[in-house]
Student: 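Before anything else, here's the structure in question.
Residue numbering restarts at 1 for every chain, and letters A, B, ... go by the order of the sequence lines. Keep in mind the model is a prediction, meaning the values are calculated, not measured.
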Amino acid sequence: MKQTIEALILQAVETLKTSGVLDINTLPSVTIERCRDAQHGDFATNLALLLAKPAKTNPRQLAEKILAALPAHEAVTKVEIAGPGFINFFINPNRQYAIIPTIHELGRDFGLSTVGEGKKVQVEFVSANPTGPLHVGHGRGAAYGSVVADLLQAVGFEVHREYYVNDAGRQMDILATSIWLRYLEECGEVLVFPSNGYRGDYVREIAWKIHKASANQYHQPIAAVLENIPADEPQGGDKDVYIDALIERAKTLLGLENYREVFQVGLQDILQDIKVDLSEFGVDYQHWFSEQQLMDDGSVEKALNRLRETDYLYEQDGATWFASSRLGDEKDRVVVRENGQYTYFASDIAYHHHKLERGFDQIIDIWGADHHGYIPRVRAAMRALGADDSKLTVLLVQFAILYRGEEKVSMSTRSGDFVTLRQLRNEVGKDAARFFYAMRRSEQHMDFDLKLATSKTNENPVFYVQYAHARVCSVLRQLDEKGWQRNLPLGMDNLTLLSTEHETALLGTLARYPEVVEKAALQYEPHQLILYLRDLAHEFHTYYNAHQFLVDDAPLRDARLNLVCAVKQVLANGLGLLAINTPETM
RNA sequence: GCGCCCGUAGCUCAGCUGGAUAGAGUAAUCGGCUACGAACCGAUCGGUCGGGAGUUCGAAUCUCUCCGGGCGCACCA
């Protein structure tokens with residue numbers, strides 16, 4: 001319908017142009033909105049307001065001319081000018097019933113579209129370091145990223161979901177060393193755990209598993225481990241120097257091969273946990289991309305060579321720098337450290353180079369908001385690699401602050417004192433967790449109230465939407481119990497009986513669904529879909545309370561059932577996009 | 001200090017590519033089950049859109065400035 005009106009307007013503008021009334025070349029993007037107030041009709045455009053200035057006339061006069069040039073259309077019953085110069089369109093009420101057979105025919109496909117034109121888009125999200133289980137902070141990125149990906153797919157993009165596994169680098173060495181130290185404790189050694197080590201219980205569990213599987217194979221006396229090692233921070237030393245020394249010692253005492261084994265067991269154990277966790281949360285990937293692989297197959301070297309060829313690399317103070325400041329970054333960045341090791345940024349350049357080479361039309365990175373300062377250097381890298389950095393879209397997800405009622409839940413990662421995503425799922429369930437995460441704009445700092453999400457009362461918005469779906473199912477069960485059968489064609493033939501204001505409102509809301517999906521997808525805003533579903537559920541509940549569906553009058557009954565089943569279908573489609581269940585009973 | 005995000009009803013948030021009277025939920029008060037599920041519905045109450053200035057037909061929305069909160073500013077990831 002919206003497209004129809006847009007076509008009519010464009011035609012009118014063309015007419016005015018040829019007749020010389022309008023002397024403009026560029027047309028501002030025409031906005032056609034659904035009216036909030038029914039008195040203003042069904043659709044409105046502010047075209048005359050926008051064109052008044054370039055046309056050197058006042059908005060209302062221009063609106064008159066547009067109106068005169070507007071071709072007639074059977075669906076449009078009335079067009080009028082209102083307010084400062086809005087043009088309001090009134091749609092033939094009989095047109096609105098068509099949405100019900102449309103929904104019935106398309107079923108699960110209702111709401112899908114092809115605006116993405118099959119373009120290849122890669123969405124990378126979560127990508128948390130595999131140094132521990134996912135916590136509730138990652139949950140928001142997971143929920144947001146997966147819904148953005150699913151939305152894009154729904155509107156016709158070819159979506160590739162990817163998790164970048166930071167399985168190389170210092171943090172992983174700290175993890176491996178932490179595991180080994182816990183393992184030594186399993187062997188009976190007594191030690192003070194490094195202040196910069198990973199102290200979560202999962203580290204002990206991995207150590208315990210290794211010890212169980214291979215007994216004392218990796219055992220070394222603690223005295224040998226600590227010999228000539230500088231002091232840790234609490235003893236007046238530096239915690240980074242201390243842990244680095246321990247890492248080196250672990251490698252020496254264990255030998256590289258044994259060290260690798262401990263490292264790999266830790267990595268695989270945690271990675272597997274993350275994979276299962278996300279999968280149970282309704283998040284699935286096409287690819288888990290290894291950073292180590294970039295190191296091993298020469299991708300990092302290759303990418304850096306590209307930069308060197310184009311003269312963006314230079315040596316200084318023993319390190320290799322990328323001249324990102326020439327491309328918009330605030331300063332240059334080290335890519336190879338003095339000790340010869342690549343920085344995280346070096347492999348990230350290679351990773352984005354790799355993404356570009358894979359031929360994606362669009363690359364979407366979803367990061368925690370704390371990484372926002374990182375954006376300019378990645379863009380700089382893409383440009384230095386000769387790519388168009390407008391291919392890259394970085395979406396930032398703000399942190400969620402956890403509350404349990406009034407009480408703030410503390411979060412400290414290194415100490416192991418944090419609420420995991422798994423705990424959250426166990427406590428509030430997948431559906432509520434996803435719904436809560438996706439309910440807010442991603443850039444919005446959000447308060448996540450565990451108590452509210454857990455509550456099974458009317459305070460919980462998840463149940464509100466699910467309940468609407470279950471209610472329709474319940475109506476259908478009641479129909480059966482009363483010995484009636486739903487007569488679908490009879491209902492379709494009598495849709496014009498749906499004339500109460502509740503029914504009209506529902507028809508309009510149902511028709512809006514594809515627009516909502518498209519907008520939510522193109523703007524990367526899942527919360528718009530959630531708000532819509534709440535609206536739809538609300539209108540349904542209101543309707544339910546106002547009118548009996550299972551009436552004796554069969555044509556009316558079947559017409560209402562067809563409407564209500566359309567609501568059920570759209571609720572299911574919308575919740576499906578959010579990977580939230582649609583229960584038949586609650 | 002510099003950069004990014006945010007500030008809207010008591011609370012949690014929509015609305016932000018400028019548009020018609022600023023909306024939900026929740027809390028508070030009142031009302032609705034002999035009804036297809038009351039996990040629901042209806043009504044009332046509740047606002048200097050953080051403050052100020054500017055841009056124009058028109059600003060919660062754009063610009064500037066100040067205030068307040070969050071996050072960044074590594075040869076960490």
Side-chain angles (χ1 to χ4, degrees), chain A residues 28-29 31 33 35-37 39-40 44 46 49-50 52-53 58-60 82-86 88 127-129 131 166 168-172 174 240 291 316-321 330-331 333-348 368-376 396 398-399 401 403 406 439-449 452 455-464 466-468 470-479 481-482 523 527-528 530-531 534-535 537-538 540-551 557 560-561 564 585-586:
Chain A
S29 61
T31 60
E33 291 180 331
C35 300
R36 264 176 286 171
D37 189 336
Q39 283 188 344
H40 298 135
N46 60 351
L49 295 157
L50 294 175
K53 191 175 275 183
N58 79 56
R60 282 198 74 107
F86 289 102
N88 294 335
S127 300
N129 285 349
T131 52
N166 292 120
R170 180 163 170 268
Q171 292 305 318
M172 287 306 298
I174 295 177
D240 284 307
E291 179 187 8
Q316 190 182 303
D317 304 328
T320 306
W321 297 70
E330 57 186 25
K331 55 178 281 196
R333 310 289 173 177
V334 170
V335 286
V336 184
R337 292 199 286 257
E338 209 172 344
N339 64 11
Q341 291 196 320
Y342 292 125
T343 59
Y344 169 84
F345 182 44
S347 41
D348 222 15
D370 54 333
H371 284 67
H372 69 258
Y374 204 76
I375 298 172
L396 298 176
Q398 293 287 344
F399 294 127
I401 302 162
Y403 285 86
E406 295 289 302
M439 192 162 64
R440 307 296 183 213
R441 277 174 61 220
S442 66
E443 312 91 84
Q444 180 72 246
H445 299 269
M446 108 175 181
D447 291 350
F448 194 121
D449 188 343
L452 182 60
S455 75
K456 295 211 190 299
T457 68
N458 59 354
E459 288 170 22
N460 196 321
V462 189
F463 297 116
Y464 185 79
Q466 289 182 324
Y467 181 47
R471 250 185 168 176
V472 179
C473 297
S474 176
V475 168
L476 295 174
R477 284 193 298 272
Q478 278 297 320
L479 177 79
E481 278 172 30
K482 292 194 178 193
Q523 300 187 345
H527 75 276
Q528 292 191 22
I530 294 213
L531 292 173
R534 280 195 351 190
D535 271 357
H538 177 246
F540 168 76
H541 285 310
T542 302
Y543 179 39
Y544 180 95
N545 275 289
H547 299 282
Q548 186 90 16
F549 307 155
L550 301 179
V551 291
R557 181 175 72 230
R560 286 184 170 168
L561 286 174
V564 152
T585 61
M586 294 183 68

Student: What does nucleotides 7-12 of chain B look like as a protein-contact string, B for base, S for sugar-phosphate only, - for none, at under 4.0 angstrom between heavy atoms?
Tutor: -----S
Student: Pick the C1' atom in B:U17 and in B:U61, then give their distance to the nearest Å.
Tutor: 10 Å
Student: Quantified in whole Å, what is the C1' atom distance between nucleotide B:C57 and nucleotide B:G18?
Tutor: 12 Å
Student: For B:C4 versus B:G51, give the span between their C1' atoms, rounded off to a whole number of Å.
Tutor: 22 Å
Student: Distance only, no hydrogens: is a donor on one side chain within 3.5 Å (strictly under) of an acceptor on the other, for A:Q171 and A:T131?
Tutor: no
Student: Quick check: on RNA chain B, is the nucleotide nearest A:R534 upstream (toward 5') of the one nearest A:Q528, or the reverse? Name the residue that is more 5'.
Tutor: A:Q528
Student: Have a look at A:Q548 and say if it touches a base, only the backbone sugar-phosphate, or nothing, with a 4.0 Å heavy-atom cut-off.
Tutor: base
Student: Roughly how far apart, to the nearest Å, are B:C36 and B:C30 at atom C1'?
Tutor: 27 Å
Student: Once you round to the nearest 0.5 Å, how far does CG of A:N545 lie from CZ of A:F540?
Tutor: 9.5 Å
Student: Stacking between A:F86 and B:A20, defined as ring centres under 5.5 angstrom apart with planes under 30°, is that present or not?
Tutor: yes
Student: Does A:H371 reach a base, just sugar-phosphate, or nothing at all? Heavy atoms under 4.0 Å.
Tutor: base
Student: Looking at every strand, decide which applies to A:A546 at a 4.0 Å heavy-atom threshold: base, sugar-phosphate, or nothing.
Tutor: nothing
Student: Is A:N88 side chain donor-acceptor paired with the B:A20 base, going by distance under 3.5 Å alone?
Tutor: yes
Student: For A:T585, which contact category applies under a 4.0 Å heavy-atom criterion: base, sugar-phosphate, or nothing?
Tutor: base
Student: Nearest to the side chain of A:A319, which nucleotide is it out of B:C36, B:C6, B:C75?
Tutor: B:C75
Student: Give a yes/no verdict on base stacking between B:C40 and A:Y544: centres under 5.5 Å, planes within less than 30° of parallel.
Tutor: no
Student: Using a 4.0 Å heavy-atom cut-off across all strands, classify A:E330 as base, sugar-phosphate, or nothing.
Tutor: sugar-phosphate
Student: If you check the A:M586 side chain, which of B:G32, B:A39, B:A20 turns out closest?
Tutor: B:A39
Student: Could you list the residues that satisfy side-chain contact (heavy atoms from CB on, under 4.5 Å) with A:E330, not counting sequence neighbours?
Tutor: A:R333
Student: Find out whether A:R557 and A:L479 are in side-chain contact, i.e. whether some heavy atom of one side chain is under 4.5 Å from a heavy atom of the other.
Tutor: yes
Student: Taking B:G58 as the reference, what is the distance to B:U48 when you measure between their P atoms (whole Å, please)?
Tutor: 24 Å
Student: For atom P, what is the distance between B:C41 and B:A22, given to the nearest Å?
Tutor: 25 Å
Student: For B:C40 versus B:G7, give the span between their P atoms, rounded off to a whole number of Å.
Tutor: 29 Å
Student: Indicate whether OP1 or OP2 belonging to B:A74 is found under 4.0 Å from a side-chain N or O atom of A:Y374.
Tutor: no
Student: Where the side chain of A:E338 is concerned, which of B:G42, B:C40, B:C75 is the nearest nucleotide?
Tutor: B:C75
Student: Check every strand shown and say whether A:N339 touches a base, only sugar-phosphate, or nothing at a heavy-atom separation below 4.0 Å.
Tutor: nothing
Student: Between B:G23 and B:U8, how far is it from one C1' atom to the other, in whole Å?
Tutor: 10 Å
Student: Judged by each residue's nearest nucleotide on RNA chain B, which is more toward the 5′ side, A:A537 or A:S442?
Tutor: A:S442
Student: Do the side chain of A:H372 and the base of B:G3 come within less than 3.5 angstrom through a donor-acceptor pair of N or O atoms?
Tutor: yes
Student: Would you call the rings of A:F549 and A:Y544 parallel, tilted or perpendicular if under 30° counts as parallel and over 60° as perpendicular?
Tutor: perpendicular
Student: From B:C36, B:C75, B:G72, pick the nucleotide closest to the side chain of A:W321?
Tutor: B:C75
Student: Side chain of A:T542 only, heavy atoms from C-beta on: which candidate in B:C41, B:G37, B:C36 is closest?
Tutor: B:C41
